[in-house]
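FYI, side chains are in, hydrogens and waters are out, and symmetry mates aren't considered; it's all heavy atoms of this structure. Keep in mind that this is a model prediction, so the values were computed, not measured. Lettering of chains follows the sequences in order, A, B, ..., and the numbering in each one begins at 1.
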Number of protein chains: 2
Amino acid sequence: MPPAKLDPIDRKILAELQADGRMTNVELSRRVGISAPPCLRRVRALEETGFIEGYHARVNTRQLGFEVAVFAMVSLRSQAESDLNAFEDRVRSWPLVRECHMLNGEIDFILKCVAPDLSTFQRFLTEDLVSAPNVAGVKTSLVIRETKWEPGVPFDVLEARATSD
Amino acid sequence: MPPAKLDPIDRKILAELQADGRMTNVELSRRVGISAPPCLRRVRALEETGFIEGYHARVNTRQLGFEVAVFAMVSLRSQAESDLNAFEDRVRSWPLVRECHMLNGEIDFILKCVAPDLSTFQRFLTEDLVSAPNVAGVKTSLVIRETKWEPGVPFDVLEARATSD
DNA sequence: CGCTTCCGCGCAACATCATTGCATTGTCGC
DNA sequence: GCGACAATGCAATGATGTTGCGCGGAAGCG
């Protein structure tokens, strides 16, 4: 059931849980201005309708020993749907690849990768990624630092649109 | 207190909370094989020591009306630290930019952006990003689809390393 | 070796929270 | 206005989060 209308309270709930996914329902209900039971029912509904896809702890990858993060821009020889799917399946089997986005233009995929050290990544790059079938070229860039990271969606922009409807 | 040693139970806790950040402590303790109180104390310690940086609900951006996701590769004219910081500060003020990573090589920054529609993004691109001070060039690629998204770190790789120490 | 110290666990008790049933209220269509 | 529906808040119950405390195993020392 993808189609569903969100009121300002729903959007506030999403914004709050996006910022703090472990907030108690009591605290959440207080912040959005309704009592706990209907608040919980709304959260459940947002989960069921797919607005909330999941909850995750964000961990410090570097502190956990993954010193290296890399963006890999991949070009394929064939963009036939079956070849794209084959590549995607392969990507899903590589634990060092955390994200994979299919793009338009020169670059077909952008992969966000992590690794304990550079040599581990280099080995993955040459032995797995570059030598995978249908891969025409890979350009990589090391992440020096992460300047901004905000989960999901800018709800202030969403509010501005919703209220102007 | 960044330096701290993790045992297999800590790593299991991190893996579980990374996969499901709203799991109850009772369920978590059951899965990692200890009782609830020490489990909660471990979670608190992981939060305090920075291994856990936060918890977030993952929302369906498209369903929320952000039909467009774009990666923008930005090159600057000057890479002096003060100029980098100035650009980063500007980036933080743009709600449509959700992530910003500083890279090595040709491209200085990669930005993940979202927008309700293409024209909104185009306006942001030309009026804000391209026309920002010190920006030499911007290449953008539309995200066609997101093939893989896993939060954080591959704990199976981490386990393999930890046990071989 | 045995003793001591320290750390982390589990138990038990309490406080808080999640969850359900139900009566009430407000809204929309008629 | 009037009835049907949806959503709210209240109250009660069960589950969970949280703290204090005693116990036991491991490491360090005599």
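- Protein atom CD1 of I34(A) is 15 Å distant from nucleotide atom C1' of dA18(C), rounded to whole Å.
- Rounding to whole angstrom units, CZ of residue R31(B) and P of dT16(D) are separated by 13 Å.
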message = side-chain contact (heavy atoms from CB on, under 4.5 Å), that's the test. Do L96(B) and T120(B) meet it? Break it down for me.
response = CA-CA 10 Å; L96(B) 294 189; T120(B) 301; 4.2 Å; yes
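- More than 12 heavy atoms of other residues, nucleotides or ligands shown are found within 6.0 angstrom of NZ on K148(B).
- Using a 4.0 Å heavy-atom distance criterion, T24(B) is classed as a sugar-phosphate-only contact.
- In this structure, OH of Y55(B) is placed 11 Å from P of dG17(D), rounded to the nearest angstrom.
- Of the listed nucleotides (dA18(C), dG10(C), dG17(D)), dG10(C) has the atom at the smallest distance from the side chain of P38(B).
- When the C1' atom of dC17(C) is taken as reference, atom CZ of R30(A) falls 15 Å away, rounded to whole Å.
- Phosphate proximity of dA18(C) to R44(A): absent, as no side-chain N or O sits under 4.0 Å from OP1 or OP2.
- Other residues, nucleotides and ligands contribute only 12 or fewer heavy atoms inside 6.0 Å of the CD atom of E106(A).
- The side chain of R42(B) lies closest to dC9(C), out of dC9(C), dT19(C), dC17(C).
- In this structure, L28(B) places its CG atom 13 Å from P of dT16(D), rounding to the nearest Å.
- Between R22(A) and R41(A), the residue whose closest nucleotide on DNA chain D is further toward the 5' end is R41(A).
- Looking only at side-chain heavy atoms (C-beta outward), V70(B) and L142(B) come within less than 4.5 Å of each other.
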request  = Let me see the working for F121(B) and D117(B) under side-chain contact (heavy atoms from CB on, under 4.5 Å), right down to the final yes or no.
outcome  = CA-CA 7 Å; F121(B) 175 75; D117(B) 49 57; over 6 Å; no
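- Taking every side-chain heavy atom of A36(B) into account, dT18(D) is the closest of dT18(D), dG8(C), dG10(C).
- Applying the 4.5 Å side-chain rule to ILVMFWY residues, one finds F71(A), M73(A), L103(A), I107(A), I110(A), V143(A), F71(B), M73(B), L103(B), I110(B), V143(B) in the same cluster as I107(B).
- For the helix from dC1(C)-dG30(D) to dC30(C)-dG1(D), the rotation axes defined at the first and last 5 base pairs enclose an angle of 40°, given to the nearest 10°.
- Rounded to whole angstrom, the span from the CD1 atom of I13(B) across to the P atom of dG8(C) amounts to 13 Å.
- dT19(D) atom P lies 12 Å from atom CG of N25(B), rounded to whole Å.
- Contact between R22(A) and N25(B) at its shortest, heavy atoms only, is NH2-N, 4.3 Å.
- The side chain of L40(B) lies closest to dT18(D), out of dT8(D), dT18(D), dT19(C).
- When the P atom of dG8(C) is taken as reference, atom CD1 of I9(B) falls 11 Å away, rounded to whole Å.
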